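See structure below.
Just so you know, ligand 1 is whichever comes first in the structure, and atom 1 is the first atom listed for that ligand. The basis for the numbers below is simple: all heavy atoms, side chains too, and nothing from hydrogens, waters or symmetry mates. Since the structure is predicted, the reported quantities are computational estimates derived from the model, not experimental observations.
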Amino acid sequence: MKRRKFITAISATAALGGLSACSQGESTCSSEEAPKAKTIKWKMVTTWPKNLQGLGVGAEYLANSITEMSGGRLKVKVYGSGELVPALETFNAVSAGTAEMGHGAAYYWKGKMAASPFFTAVPFGLTAAEIQGWLIKGGGYELWRELYAPFGVRPFIAGNTGTQMGGWFNKEIKSLEDIKGLKMRIPGLGGEILSRAGGVPVLMPGSEVFTALETGAVDAAEWVGPYNDLAMGLYKAAKYYYFPGWHEPGPNIEAIVNQESFDALPADLKAIVEQACHAANVNMQADFIAENNAALQVLVEQHHVKLKKFPDDVLIKLREISEQVVGEIANESELSKRILESYNQYKKQVRAWGDISEVAYYESLKL
Ligand code: CA
């Protein structure tokens with residue numbers, strides 16, 4: 001019994017550190033070969049173009065972190081959108097086990113689960129810091145797992161872009177009239193809100209945004225913010241760049257894992273997957289925060305993009321519609337109702353604190 005324990009211990013050490021069992025100085029170990037740890041290989045499918053700044057790079061960071069933290073026992077290989085499955089098939093692929101892991105955003109699965117946008121972004125909802133508080137400490141994670149459980153998929157927080165931009169437009173938005181008939185690439189609840197304001201939302205993955213905007217298949221498109229939008233060359237397809245990103249104030253990026261694949265992992269690899277996701281979350285936010293303004297300067301100064309703020313009356317109307325649209329999700333199911341209640345309850349108290357912390361601080365800078 002004692003001996004078995006010792007062998008287990010040295011194989012774990014060997015697997016983790018690549019050390020020989022005999023380096024432990026145990027006299028009998030020379031005749032024993034520690035069993036080699038099995039290498040597990042996972043495929044990670046993503047909704048992003050491979051290695052795209054911020055998002056695609058975030059997927060690579062996560063895959064590499066898991067591979068390195070596990071000492072190569074769990075090797076994760078990233079596939080960009082369309083390489084193994086189309087971008088918007090990411091969730092289905094992980095659910096079916098075609099890929100063990102995925103990287104994307106929950107609001108792409110709105111057609112499957114009406115409440116999924118709560119786990120990416122709600123228009124006029126939580127910021128990046130606030131949504132993490134809800135997910136990690138405010139009951140959000142538990143509700144998110146419950147929502148995905150029927151599909152055999154386990155979600156993790158794995159990034160955040162911070163507050164996005166309002167998008168690229170080929171005509172100016174001077175009033176609500178300019179929204180009427182506007183065909184725009186905008187996913188999630190933002191799309192539904194645009195529709196009720198008289199626009200025509202279109203859902204497409206990032207890889208198709210440039211062509212759709214350039215050919216006039218859409219009049220406008222939101223993607224992310226300066227760092228990503230510069231990389232995608234969107235300034236070549238539209239000249240007006242609007243802010244703020246009312247529809248995505250701090251979108252959470254998800255990693256999803258096939259539940260059976262996750263359950264089959266030993267406890268240490270499970271912990272590595274979870275902690276690598278959370279490290280990737282911090283890393284992606286740092287990337288966007290450090291890079292966005294420099295990219296914006298390039299867009300404005302070198303590419304002569306016209307930076308515009310949405311008129312107040314447009315934002316006020318969109319916010320009013322947003323409250324209706326978000327409220328209606330509660331009718332979809334008992335779980336949707338609980339998600340909405342949890343989100344709203346959390347938002348109320350976090351906003352009260354925000355008013356006297358960050359909001360008051362930013363205001364003090366403008367005095
Ligand atoms: Ca976006």
Item to complete: Could you tell me whether the Ca ion (ligand 1) has an N, O or S atom of Trp223 under 3.0 Å away?
Response: yes
Item to complete: Compare all side-chain heavy atoms of Val218 with those of Trp168 and state whether any distance is below 4.5 angstrom.
Response: no
Worksheet entry | Ion pair check, Glu208 and Arg185, cut-off under 4.0 Å | no
Fill in: Ion pair check, Lys337 and Glu341, cut-off under 4.0 Å
yes
Discussion item. Please report, to 10°, the angle around the Ca ion (ligand 1) from atom OE1 (Gln164) across to atom OE2 (Glu222).
Written reply: 140°
Please list every donor-acceptor pair under 3.5 Å in which a side-chain atom of residues 301-314 meets a protein atom from a residue at least two apart or in another chain.
unit_1: Lys308; atom_1: NZ; unit_2: Glu172; atom_2: OE1; d: 3.1

Worksheet, complete the sentence: Answer key: the N, O or S atom of Glu248 nearest to the Ca ion (ligand 1) is OE2
